[in-house]
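Have a look at the structure below, then the notes.
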Amino acid sequence: MPELPEVEVTRLSFAPAIQGALVIFASLGKALRWPLGCPVTALAGRRVQGVRRRGKYLLLDLDQGLLLLHLGMSGSLSFAKSPPPRGVHDHFDLVTSQGTLRLHDPRRFGAVVYASSQADPIAQKLLGHLGAEPLGDGFLLADFQIGLKIRKAAIKQVLLAGDLVVGVGNIYASEALFLAGIRPTLRACKISRARAARLHAAIREVLARAVAKGGSTLRDFSSASGATGYFQLEAMVYGRTGQPCRVCGTPIKILRQGQRSSFYCPLCQAL
DNA sequence: CACGGATCCTGATGGC
DNA sequence: TGCCATCAGGATCCGT
């Protein structure tokens with residue numbers, strides 16, 4: 001479900017409300033992708049200092065250690081003063097003095113992992129290889145161009161891999177490639193410097209715009225306060241197989257790359 | 001060692 | 001209505 005925009009919209013929706021809260025207790029439901037990494041009872045008594053984001057991870061800074069939250073494919077967070085009783089797909093509750101943060105995740109590809117610090121091996125394993133933050137100052141065009149030059153995989157796969165630039169998932173990879181006029185199957189190393197520059201700008205543009213629209217709600221995404229997103233309404237290619245391209249009218253095509261669907265306009269995205 | 005594919009899990013959807 | 005196959009916003013791990 002959640003790519004960078006959905007994760008960032010989620011963060012913005014509860015970070016101010018949970019800031020400074022005292023953890024009263026925490027509880028786990030069914031197993032998520034990885035074990036918590038500490039006794040769940042050890043979280044009680046800690047204070048939440050703030051919420052950051054790295055790629056698609058949310059980092060809950062505690063006065064001692066931090067929690068890494070990942071929403072996987074189907075996860076969402078809610079934050080409420082009086083949450084309803086836990087449902088079958090609610091797998092983590094962090095009950096605090098200011099409200100309960102709850103992870104809802106039917107497919108359980110998501111994760112809640114404790115790390116004693118960002119130098120902790122588990123934090124390094126999950127975050128250490130991540131690429132540049134596309135909306136930050138560190139997403140440098142020169143580095144992006146070099147990164148593309150040395151990768152032979154299809155550009156769509158390179159964007160999804162997350163070791164060059166983070167946060168671009170299946171929706172926004174297709175959307176950014178459309179904006180840049182690049183076919184998803186084109187090998188990264190074959191992209192000219194000029195087109196790489198277009199793609200660099202397109203990634204920033206599409207992600208920033210999606211954040212501004214509250215993310216994309218395809219099936220069930222909502223922020224921690226329950227708000228749904230609207231970006232999907234203005235998708236140029238994602239999920240639009242057979243429908244006319246919004247620019248040239250040519251029917252949008254779909255193809256499979258690495259078990260995922262890619263959408264593109266055969267005319268606007270020449271090669 | 002870079003790359004492609006299988007894999008974890010549940011729910012929704014469409015064809016027969 | 002039921003049954004089966006397919007697909008879904010992610011990312012790690014493993015074999016080549």
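Source: prediction; values computed, not measured. The sequence lines fix the lettering, A, B, ..., with proteins before strands; numbering per chain opens at 1. All heavy atoms count here, side chains included; hydrogens, waters and symmetry mates do not.
- Under 4.0 angstrom from either OP1 or OP2 of C:dC7 there lies no side-chain N or O belonging to A:S261.
- On the P atoms, B:dC1 is 24 Å away from C:dA11, given to the nearest whole Å.
- For A:K149, the NZ atom sits in a packed shell: over 12 heavy atoms of surrounding residues, nucleotides or ligands are nearer than 6.0 Å.
- Mapping A:I254 and A:L130 onto DNA chain C via the closest heavy atom, the residue that lands nearer the 5' end is A:I254.
- Backbone-only contact: A:H129 has heavy atoms under 4.0 Å from sugar-phosphate atoms and none from a base.
- Checking C:dA8, C:dG10, C:dT12 against every side-chain atom of A:K125, the shortest atom distance belongs to C:dT12.
- Cluster membership for A:V7 and A:L68, using ILVMFWY side-chain heavy atoms within less than 4.5 angstrom, is not shared.
- Residue A:Y238 places at least one side-chain N or O under 4.0 Å from the OP1 or OP2 atom of C:dG9.
- A:S216 and A:Y172 share a donor-acceptor pair across their side chains, judged by distance under 3.5 Å alone.
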Point to revise | Candidate pair A:R54 and A:E133, rule salt bridge (charged side-chain N to carboxylate O under 4.0 Å, His left out), full reasoning | key: CA-CA 7 Å; A:R54 178 74 177 100; A:E133 280 293 335; 2.9 Å; yes

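- Nucleotides C:dC3 and B:dC9 place their P atoms 23 Å apart, quoted to the nearest Å.
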Point to revise | Letter per nucleotide, 5' to 3', of nucleotides 9-14 of chain B [B base touched, S only sugar-phosphate touched, - untouched; heavy atoms, 4.0 Å] | key: BBSS--

Review point. With Watson-Crick and G-U wobble geometry limited to distances under 3.5 Å, how should the secondary structure of DNA chain C be encoded in dot-bracket form, using | for bases paired to another strand and [ ] for crossing pairs?
Key: .|||||||.|||||||

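- C:dT12 atom P lies 6 Å from atom CZ of A:R33, rounded to whole Å.
- A salt bridge does not link A:D105 with A:K30: every distance from a Lys NZ or Arg NE/NH1/NH2 to an Asp or Glu carboxylate oxygen is 4.0 Å or more.
- Proximity of a side-chain donor or acceptor of A:T217 to a complementary backbone N or O of A:T228 within less than 3.5 Å is not detected.
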Practice item. Evaluate the salt bridge (charged side-chain N to carboxylate O under 4.0 Å, His left out) criterion for residues A:E234 and A:R209: first the C-alpha distance (whole Å), next the side-chain angles of each, then the deciding distance (0.1 Å), finally the verdict. Key: CA-CA 10 Å; A:E234 53 191 74; A:R209 186 159 177 76; 2.6 Å; yes

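- Rounded to an integer number of Å, the gap from A:K56 NZ to C:dG10 C1' is 6 Å.
- Both A:V48 and A:Y114 sit in one connected hydrophobic cluster of ILVMFWY residues. Membership requires side-chain heavy atoms under 4.5 Å apart, directly or through other members.
- A:Q232 has its CD atom 14 Å from the P atom of C:dG9, to the nearest Å.
- Distance CE (A:M73) to C1' (C:dT12): 14 Å, rounded to an integer number of Å.
- At a threshold of 4.0 Å, the pair A:R46-A:D63 does not count as salt-bridged, since none of the basic side-chain nitrogens sits closer than that to a carboxylate oxygen.
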Enumerate the protein-to-nucleotides 2-5 of chain B contacts in which both atoms are nitrogen or oxygen and the separation is below 3.5 Å.
| from | atom 1 | to | atom 2 | distance (Å) |
| --- | --- | --- | --- | --- |
| B:dC3 | OP1 | A:K152 | N | 2.5 |
| B:dC3 | OP1 | A:A153 | N | 3.4 |

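- Note that CD1 of A:I122 and CG of A:L126 are 4.5 Å apart. Values are rounded to the nearest 0.5 Å.
- Side-chain nitrogen and oxygen atoms of A:R260 include none within less than 4.0 Å of the OP1 or OP2 phosphate oxygen of C:dA11.
- A heavy-atom distance below 4.5 Å is not found between the side chains of A:L130 and A:D163.
- Atom pair A:H70:NE2 and C:dG9:P shows a separation of 14 Å (rounding to whole Å applied).
- A distance of about 23 Å separates the C1' atoms of B:dC3 and C:dG9, rounded to the whole Å.
- A side chain to side chain donor-acceptor pair (under 3.5 Å) with A:S262 holds for exactly one of A:Q157, A:R256, A:K253, A:Q257; it is A:Q257.
- Look at CG on A:L71: it is 11 Å from P on C:dG10, rounded to the nearest Å.
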